[in-house]
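What follows is one structure encoded as structure tokens, with my remarks underneath.
Values reported hereafter were calculated over all heavy atoms of this structure, with side chains retained and with hydrogens, waters and symmetry mates removed. None of these values were measured; they are calculated from a predicted model.
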Amino acid sequence: MKKNIEKAYTALNAIGAPVIEGGYNGEDSFRISAEDNEHYEWADYYMMTDGDNTGYLMGVSNRINNILDKNGLYAEWINPGVLAVCEV
């Protein structure tokens with residue numbers, strides 16, 4: 001993994017986010033599960049909010065978005081169950 005991708009993966013893993021090694025199409029990246037929301041609502045495809053007062057942007061927790069932003073990355077919905085992590 002590139003340094004920025006690895007750094008984001010490590011930071012998200014440290015806060016308990018449901019990260020999955022490997023990109024959706026085999027890229028040297030990682031994905032984020034939207035189906036592992038047992039203890040915290042990490043992502044919800046059907047909660048498409050603006051992020052201002054909700055703590056979520058387009059259904060993705062700002063806890064995730066903030067870490068991705070710091071590393072020049074963003075989350076993109078692959079399907080309602082998983083997010084791809086992409087470079088800006």
Check the pair Asn66 / Asp69 against side-chain hydrogen bond (donor to acceptor under 3.5 Å, both in side chains), numbers first and verdict last.
CA-CA 5 Å; Asn66 292 339; Asp69 285 346; over 6 Å; no
Worked check of side-chain contact (heavy atoms from CB on, under 4.5 Å) between Asn62 and Leu57:
CA-CA 7 Å; Asn62 285 338; Leu57 179 61; 3.9 Å; yes
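In this structure, Asn13 contributes its side chain and Tyr9 its backbone to no donor-acceptor pair below 3.5 Å. Arg31 places a side-chain N or O within 3.5 Å of a backbone atom of Gly22 that can act as its donor or acceptor partner. Although no hydrogens or angles enter the test, the distance criterion places no donor-acceptor pair under 3.5 Å between the side chain of Asp44 and the main chain of Ala34.
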Side-chain polar contacts of residues 81-88 - donor-acceptor pairs under 3.5 angstrom, sequence neighbours left out - could you list them?
| residue | atom | partner | partner atom | Å |
| --- | --- | --- | --- | --- |
| Glu87 | OE1 | Lys2 | NZ | 2.9 |
| Glu87 | OE2 | Asn4 | ND2 | 3.4 |

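A continuous path of ILVMFWY side-chain contacts below 4.5 Å connects Tyr45 to Leu68, so both sit in one hydrophobic cluster. Val19 and Ile78 sit in two unconnected hydrophobic clusters of ILVMFWY residues. Membership requires side-chain heavy atoms under 4.5 Å apart, directly or through other members.
In terms of heavy atoms, Gly59 sits closest to Trp77 at O-CZ2, 3.9 Å. Nearest heavy-atom pair, Ala11 versus Ile67, reported as atom, atom and distance to 0.1 Å: CB-CG2, 3.8 Å. The nearest pair of heavy atoms linking Trp42 to Ile15 is CH2-O, 3.5 Å.
Both tests do not hold together for Arg63 against Tyr56: distance to the six-membered ring centre under 6.0 Å, angle to the ring axis within 45°.
One distance of note links OG1 of Thr54 with CE of Met47; it measures 6.5 Å at 0.5 Å rounding. Note that OG of Ser61 is 9.0 Å distant from CD of Glu41, once rounded to the nearest 0.5 Å.
Inter-residue side-chain proximity for Ile32 and Ile64 is flagged as met; some heavy-atom pair is nearer than 4.5 Å.
Residue pairs meeting the salt bridge (charged side-chain N to carboxylate O under 4.0 Å, His left out) criterion with at least one partner in residues 5-14, sequence neighbours excluded, do not occur; the list is empty.
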